[in-house]
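I have placed the structure first, in the form of structure tokens, so that the comments after it can refer back to it.
Please read these numbers as outputs of a predicted model, since none were measured by experiment. The chains referred to below are lettered A, B, ... by the order of the sequence lines, with proteins before strands, and numbering in each begins at 1.
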2 protein chains.
Amino acid sequence: MTNTTSALVIDDHPLSASGIADFLLSHCGFGVALPVSDVGEFWAALDPVNPPSLAVVDFWLPDGASLGLLELMKQRCPATRLLAISADDNAAVLDKVRMAGVDGFLHKQETPDIFGRAVAALLQGDNWFHGGTQSAGREFANKELPVTAAELGLTARQGQVLAMMLKGLPNKRIALNLSLSEQTVKEHVSGILERLGARNRIEVITKLRGRRLE
Amino acid sequence: MTNTTSALVIDDHPLSASGIADFLLSHCGFGVALPVSDVGEFWAALDPVNPPSLAVVDFWLPDGASLGLLELMKQRCPATRLLAISADDNAAVLDKVRMAGVDGFLHKQETPDIFGRAVAALLQGDNWFHGGTQSAGREFANKELPVTAAELGLTARQGQVLAMMLKGLPNKRIALNLSLSEQTVKEHVSGILERLGARNRIEVITKLRGRRLE
DNA sequence: TCCAACACCCTACTCCAGTAGGGTTCCGTG
DNA sequence: CACGGAACCCTACTGGAGTAGGGTGTTGGA
């Protein structure tokens, strides 16, 4: 291939990074999409001579490293399109990444469809900052909501239960799978609902649509 | 023609049936691929003297007719390879179709690539029962293929109700939105569940995860 | 004209989800 | 040691989901 489109994806959750990379490969026509999960790896994977067409950067890297990374990236590889992603919709985040010079911003929760359109827009040379328009029907997004169970403020057990809830399993089956009583499962479910600000399991499933635990 | 490979495809959603038939013609080297959408049509199209090489049978035919059809087919045309397809990944379905004597089983959501490989395996005389693995690498990508209500065999009203169900709305709100009684909504929901072969709305949501209506 | 399908409404029932309020162990921290 | 938190179990209750079985009115095809 003379002109394969390539991408670099950095997210501190490796599964998240590789999920996005896979999506770029399978649905956005990328020939190369390398997932990395820390900053060192990122710079190591970057070839300054032949920079990637796109870099996808999670905003919530440890120590707030993403802003510095984005600015440096803009200097070193101005030809590379920069797409920032984040798990929350704080308006301040949007301003910060804009200042850092990114070309687009997206929520992690956005549908694959929109993600694909944002990528296409960036490759065309357009920008993508439609993040603010979301805001309908997501009352539990005021805090950071990363992909892993522990970072949702859930205990390990609650994480296991949540994973099965998202598969659509009823309490009785979750109980059997974990060798618990149905009542105990209900307690965990109640804890999850309270934590996530949902009224019932259906709200949990629809709001976390397209995500996976751990 | 002396030796064209022929197939019969039965699915109660005509669009689905003809889509599969087209694929067999264009990608699997079939000379004939006849789509039918009900059991009567199926037997009418079947030529016992010169049986097709392959029969593709949707598991969720109305009234659960598929099991009987599969068994009868196995008796009458033992030379015809039988491929069962289903929209859900219930393990019980897999057991049932195996008991009925099919040669292969697949999810409808499977990629065309895998579908093609399954067909090739069957024509070679091999079996294909990889349903359990359910392709781990695509939670982010999956399918944003919009599905129309008609494609699922639903009435217009059921389509509207389903759209709201997928958003996580409870019956009462759907009723208010459509200016109906809650009871009527329940009727539509029951119809949807029967049509899609689901036990409750949670199964519907998890099975159609990531898809859009119309 | 009759019948089937669809949309609509109702009561009454069962079953599951989720809450409330009681309790027990175990473990880590002040 | 005493306390809090997590995990575990229980009964008893409310409310929504879904089924069963009754009904009406409209439409379109045999």
Side-chain angles (χ1 to χ4, degrees), chain A residues 139-140 148-208 213-214, chain B residues 12-14 37-41 61-64 88 90 148-208:
Chain A
E139 62 250 38
F140 77 109
T148 69
E151 294 186 53
L152 284 168
L154 301 177
T155 67
R157 214 46 163 167
Q158 286 172 341
Q160 292 178 305
V161 172
L162 176 56
M164 299 188 188
M165 276 172 68
L166 293 180
K167 289 184 194 163
L169 298 185
N171 290 336
K172 194 172 285 183
R173 278 204 186 160
I174 298 177
L176 288 174
N177 283 1
L178 295 177
S179 300
L180 293 178
S181 84
E182 190 180 342
Q183 328 301 327
T184 304
V185 174
K186 287 185 180 182
E187 312 254 313
H188 290 309
V189 170
S190 292
I192 293 167
L193 297 183
E194 191 184 3
R195 198 42 110 166
L196 301 187
R199 283 204 188 92
N200 50 50
R201 71 211 288 116
I202 294 179
E203 281 193 11
V204 171
I205 293 170
T206 54
K207 285 175 179 174
L208 291 182
L213 267 290
E214 240 172 341
Chain B
D12 58 334
H13 316 319
S37 53
D38 76 67
V39 178
E41 234 178 305
L61 296 179
D63 309 322
D88 71 2
N90 191 331
T148 66
E151 229 171 309
L152 293 171
L154 302 176
T155 67
R157 212 49 161 163
Q158 286 171 340
Q160 293 178 305
V161 173
L162 176 56
M164 299 189 188
M165 274 172 68
L166 293 181
K167 288 184 194 163
L169 299 185
N171 290 336
K172 193 173 284 184
R173 279 201 187 161
I174 297 176
L176 288 174
N177 284 1
L178 295 178
S179 300
L180 293 179
S181 83
E182 189 180 343
Q183 329 301 328
T184 304
V185 173
K186 287 186 179 183
E187 312 255 312
H188 290 310
V189 169
S190 292
I192 293 168
L193 296 183
E194 192 184 2
R195 210 12 132 170
L196 302 186
R199 282 205 190 89
N200 50 52
R201 70 211 290 118
I202 294 180
E203 280 194 11
V204 171
I205 294 171
T206 53
K207 283 174 188 172
L208 293 182

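- Rounded to an integer number of Å, the gap from A:Q183 CD to C:dA20 P is 16 Å.
- Applying the side-chain hydrogen bond (donor to acceptor under 3.5 Å, both in side chains) rule to B:T184 yields the partners B:S181; only residues at least two apart in sequence or on another chain are considered.
- The CD1-P distance, from B:I202 to C:dA17, rounds to 7 Å in whole Å.
- The side chain to side chain contact (heavy atoms under 4.5 Å, CB included) test applied to A:S190 returns no partner, not counting sequence neighbours.
- Contacts between residues 184-192 of chain B and DNA chain C, defined by a heavy-atom separation under 4.0 Å, are made by B:T184, B:E187, B:H188.
- When distances are taken from the side chain of A:E182 to each of C:dA17, D:dA7, D:dA17, the shortest belongs to C:dA17.
- Rounded to an integer number of Å, the gap from CD of B:E194 to P of D:dT19 is 9 Å.
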Just do the side chain to side chain contact (heavy atoms under 4.5 Å, CB included) check on A:L169 and B:I202 with the steps written out, would you?
CA-CA 8 Å; A:L169 298 185; B:I202 294 180; over 6 Å; no
Take B:Q158 and B:L162, measure what side chain to side chain contact (heavy atoms under 4.5 Å, CB included) needs, and give me the verdict at the end.
CA-CA 6 Å; B:Q158 286 171 340; B:L162 176 56; over 6 Å; no
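- For the segment residues 171-181 of chain B, the set of residues with a heavy atom within less than 4.0 Å of an atom of DNA chain D comprises B:N171, B:K172, in numerical order.
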A:R201 vs A:N171, test: side chain to side chain contact (heavy atoms under 4.5 Å, CB included). Steps then yes/no.
CA-CA 10 Å; A:R201 71 211 288 116; A:N171 290 336; 3.0 Å; yes
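- Not a single donor-acceptor pair under 3.5 Å links the side chain of B:R195 to the backbone N or O of B:T155.
- Straight-line distance from the CG atom of A:L154 to the P atom of D:dA7: 10 Å, rounded to whole Å.
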Under the criterion side chain to side chain contact (heavy atoms under 4.5 Å, CB included), I'd like the reasoning laid out for A:R157 against A:L178: C-alpha separation, chi angles, the key distance, then a yes or no.
CA-CA 9 Å; A:R157 214 46 163 167; A:L178 295 177; 4.0 Å; yes
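- Here C:dA17 presents its P atom at 13 Å from CZ of B:R201, a figure rounded to the nearest Å.
- In this view, B:L193 and B:V189, B:A198, B:V204 satisfy the side chain to side chain contact (heavy atoms under 4.5 Å, CB included) rule, not counting sequence neighbours.
- Judged as a side chain to side chain contact (heavy atoms under 4.5 Å, CB included), and not counting sequence neighbours, B:L176 has no contacts.
- Nucleotide D:dA17 holds its C1' atom 17 Å from the CZ atom of A:R199, rounded to whole Å.
- Computed from coordinates, the B:R157 CZ to D:dT27 P distance equals 16 Å when rounded to whole Å.
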